[in-house]
Amino acid sequence: MGKEPGSTKFQTDFRRHLREQNISGNLVHLLCEIAEASKYVINAVRTGDLGVAGTSNLYGEEQLALDVLSDRILRKRLMYSGVVCNIASEEMDEIFQVTSNPLGMFSVAYDPLDGSSLVDVNLAVGTIVGIYQGDNLLQPGRNMVGAMYILYGPRVSMVYSVGKGVYEFTMNHLMEFTLTREKVQMKPSGDIYSPGGLRKNYTPENEAYIRYLENKGSKLRYSGGFVPDINQILMKGKGIFMYPALTDSPNGKLRLLFELNPMAYLIEQAGGAATNGCMPILDMTPEGLDQRAPIYIGCKEDVAKATEFLNGVCA
Ligand code: F6P
Ligand code: MN
């Protein structure tokens, strides 16, 4: 952002910004590769086939053609980036090893097209990415060296952090990402709530917490897409997203590696918090790629209040 002397508005592009962050050249390269891949994903979202692929993922969910295509776009970019040793995706059954030598390399966990069934009804969707140094993907999210998401809405935006604050870039008419928000910060508490899952399957503790939020004057803001719902909370700097344990699914729905950890990293970097009700999401050690967990994520005080309501009752 800012202006160069004697010129019209000067836009900071992603690569230039990253180079100023004092991070390794390999990490700059990786983040730029993911940003490049997202340009093909948005093209697929805008014009691709909306049908089913005829396959299902690890969770038994029917894969849409768009899920499979987005997964392939990202995987290929990462494979040939020269800086990635292991890849795990919500759409793949196991870890894909690019090279057995992890020296100077990264491992990447991603959800290529979160909320893909919303494309059908023209709502916003996104890509979520977590980055680890070395070859171990099953370690606490707190060890990530970076996280990002790309939101495909009326505009395409990308939000990332490498542990030096949260930055938002927006795609311009030349499909370049230019800096639009710096050092995004969450307020201590907020008045937006975004509750996932079927309310009739909420436990009494969660039901009481929702009533507390409603009584305090929080407005319901839920699109059914994790990326746009988190983005609203993060960019407005206020509110809470929750996907609690449900009576018929004690670990909730969202996946620790592909969805929760990257978002928890970004929200914590912005001064917010994310918990499963008992401990910070980022301190959980994943037992497998497919691990799910309940989540309460957003303003610190609202998240602390959720923990109070749960009173030690969690998955
Ligand atoms: O990937 C799962 C997802 O589509 C998220 O984007 C979203 O937050 C959640 O599911 C919505 O689930 P539900 O319809 O149960 O509220
Ligand atoms: Mn998902």
Side-chain angles (χ1 to χ4, degrees), residues 38 41 44-45 50 52-53 55-71 73-75 88-93 108-130 141 147-153 159 192-203 206-207 209-210 213 220-234 239-264 266-267 274 276 281 286 289-298 315:
S38 76
V41 176
V45 168
L50 292 182
V52 295
T55 50
S56 56
N57 66 14
L58 180 59
Y59 313 92
E61 296 164 345
E62 192 173 61
Q63 285 176 307
L64 300 177
L66 276 181
D67 287 321
V68 174
L69 185 54
S70 309
D71 188 42
I73 291 168
L74 275 146
R75 189 168 62 235
S89 152
E90 195 175 286
E91 301 301 332
M92 299 189 308
D93 294 348
V108 181
Y110 66 88
D111 183 351
L113 197 60
D114 180 74
S116 51
S117 61
L118 298 173
V119 177
D120 221 8
V121 289
N122 212 6
L123 282 173
V125 293
T127 297
I128 311 172
V129 185
M148 72 201 295
Y149 64 76
I150 299 121
L151 170 58
Y152 313 109
V159 173
I192 290 176
Y193 75 109
S194 199
L198 201 56
R199 184 132 168 211
K200 84 175 175 58
N201 292 338
Y202 273 26
T203 60
N206 282 299
E207 186 56 35
Y209 178 58
I210 288 287
L213 291 171
L220 175 65
R221 288 286 182 268
Y222 191 69
S223 76
F226 191 41
V227 181
D229 286 337
I230 289 289
N231 189 64
Q232 171 161 217
I233 288 167
L234 188 52
I240 183 161
F241 175 101
M242 59 192 267
Y243 204 111
L246 302 173
T247 48
D248 60 347
S249 68
N251 288 315
K253 176 181 186 187
L254 300 176
R255 287 90 176 173
L256 182 58
L257 241 78
F258 309 113
E259 295 165 325
L260 304 187
N261 271 338
M263 293 309 198
L266 291 165
I267 292 275
N276 64 3
I281 291 288
L289 293 180
D290 57 348
Q291 187 166 338
R292 299 173 196 251
I295 186 166
Y296 304 82
I297 177 169

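First listed ligand is number 1; within each ligand, the first listed atom is number 1.
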S.K.: Give the intermediate values and the outcome of side chain to side chain donor-acceptor pair (under 3.5 Å) for residues T127 and Y152.
M.R.: CA-CA 8 Å; T127 297; Y152 313 109; 2.7 Å; yes

S.K.: Is the backbone of P112 close enough, under 3.5 Å, to the side chain of D67 for a donor and an acceptor to pair up by distance?
M.R.: no

S.K.: Identify all pairs of nitrogen or oxygen atoms, one from ligand 1 and one from the protein, separated by less than 3.5 Å, and list them with distances.
M.R.:
residue  : atom   : partner : partner atom : Å
ligand 1 : 1 (O)  : D114    : OD1          : 2.8
ligand 1 : 1 (O)  : E259    : OE2          : 2.9
ligand 1 : 6 (O)  : D114    : OD1          : 3.4
ligand 1 : 6 (O)  : D114    : OD2          : 2.6
ligand 1 : 6 (O)  : F226    : N            : 2.8
ligand 1 : 8 (O)  : F226    : N            : 3.4
ligand 1 : 10 (O) : K253    : NZ           : 2.9
ligand 1 : 12 (O) : K253    : NZ           : 3.1
ligand 1 : 15 (O) : Y243    : OH           : 2.6
ligand 1 : 16 (O) : G197    : N            : 3.0
ligand 1 : 16 (O) : Y222    : OH           : 2.4

S.K.: Counting no waters, what protein N/O/S atoms lie under 2.8 Å from the Mn ion (ligand 2)?
M.R.: D111 OD2, D114 OD1, E259 OE2

S.K.: Whether the side chain of S89 engages the backbone of D111 through a donor-acceptor N/O pair (distance < 3.5 Å, no angle test) should be reported.
M.R.: no

S.K.: Hey, are the side chains of M92 and R75 touching, using non-hydrogen atoms and a 4.5 Å cut-off?
M.R.: yes

S.K.: Among Y296, F226, Y193, exactly one meets ring-ring contact (aromatic ring centres under 6.0 Å, His included) together with F241. Which residue is that?
M.R.: F226

S.K.: Give a yes or no on whether the backbone of G126 and the side-chain of D114 come within a donor-acceptor separation of less than 3.5 Å.
M.R.: no

S.K.: Can you find a pair of side-chain heavy atoms, one from I210 and one from N206, that are under 4.5 Å apart?
M.R.: no

S.K.: For R221 and S194, indicate whether the former's side chain and the latter's backbone hold a donor-acceptor pair under 3.5 Å.
M.R.: no

S.K.: Has E259 got a side-chain atom pairing as donor or acceptor with R255's backbone, closer than 3.5 angstrom?
M.R.: yes

